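Residues take their numbers from the sequence shown, with the count starting at 1. All figures in this text were calculated on a predicted structure; none of them were measured in a lab.
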Amino acid sequence: SMLNKLEKDGLIKKTKKGRLSKFNITKKGIEKLKILKDNSKDKIPFPKNYNKQNSNRTSIIIFDIPEKHRKKRDWLRVAIKNLGFEMIQKSVWIGSVKIPKDFLLSLNDLNLLDYIEIFEITKQGTLKSLK
């Protein structure tokens with residue numbers, strides 16, 4: 001059924017010699033294959049399970065990752081959620097979690113460090129006392 005779909009989409013062409021069938025890739029198929037190969041270079045690994053450790057201090061992660069790095073931004077959201085952070089806004093996350101060193105190394109490997117700020121809160125803000 002896959003070969004039939006590829007043939008129907010014009011990506012391969014079927015030729016028969018007696019009982020034997022032969023499939024060849026078409027120009028359209030070659031172009032599609034090139035696009036798929038180019039896109040696979042941007043594959044981002046699924047975030048690993050980093051060693052989560054609670055902290056008595058609260059950390060805030062803020063990021064502004066350009067749209068052209070959407071896959072990396074999506075990776076980051078999954079990774080920090082897995083660490084136990086909660087989303088305040090799409091690019092602002094908060095949690096009482098120690099930031100694992102291997103998480104920071106992953107950020108470096110993905111060239112994301114320029115787009116991320118991590119803060120540790122040591123004092124309670126004044127707005128909390130107004131409630």
**OP:** Output all residues satisfying ring pair (Phe, Tyr, Trp, His ring centres under 6.0 Å) with Phe85, sequence neighbours left out; order by chain, then residue number.
**Re:**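 Phe85 satisfies ring pair (Phe, Tyr, Trp, His ring centres under 6.0 Å) with no residue once adjacent residues are dropped.
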**OP:** Measure from the side-chain N and O atoms of Lys28 to the backbone N and O of Asp9, and report whether any donor-acceptor pair falls under 3.5 Å.
**Re:**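 Side chain of Lys28 to backbone of Asp9, a donor-acceptor pair under 3.5 Å: yes, one is there.
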How many angstroms lie between [atom1] in [X] and [atom2] in [Y], if you round to the nearest 0.5 Å?
X: Met87; Y: Trp93; atom1: CE; atom2: CH2; value: 5.5 Å
X: Leu110; Y: Leu105; atom1: CG; atom2: CG; value: 11.0 Å
X: Gln89; Y: Ile94; atom1: CD; atom2: CD1; value: 11.5 Å
X: Glu117; Y: Ile60; atom1: CD; atom2: CD1; value: 12.0 Å
X: Leu76; Y: Ile61; atom1: CG; atom2: CD1; value: 7.0 Å

Check ion pair [X]-[Y] (N to O, under 4.0 angstrom):
X: Asp74; Y: Lys71; answer: no
X: Arg70; Y: Glu67; answer: yes
X: Glu120; Y: Arg57; answer: yes

Subject >> Set of side chain to side chain contact (heavy atoms under 4.5 Å, CB included) partners for Asn54, sequence neighbours left out >> reply: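 So Asn54 forms no side chain to side chain contact (heavy atoms under 4.5 Å, CB included) with any residue.
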Original post:
Is the count of non-hydrogen atoms from other residues, nucleotides or ligands lying under 6.0 Å from Asn49 atom CG greater than 12?
Top reply: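 No, not enclosed.
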Original post:
In terms of heavy-atom contacts, does CG of Asn24 have more than 12 from other residues, nucleotides or ligands at under 6.0 Å?
Top reply: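 Above 12, so yes.
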Original post:
Where do Ser21 and Lys14 come nearest, in terms of heavy atoms and distance?
Top reply: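 What the structure gives for the nearest pair is OG-CE, 3.4 Å.
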Original post:
Once the angle between the rings of Phe103 and Trp75 is folded into 0 to 90°, is it parallel (under 30°), tilted (30 to 60°) or perpendicular (over 60°)?
Top reply: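 If you compare the ring of Phe103 with that of Trp75, the planes turn out parallel.
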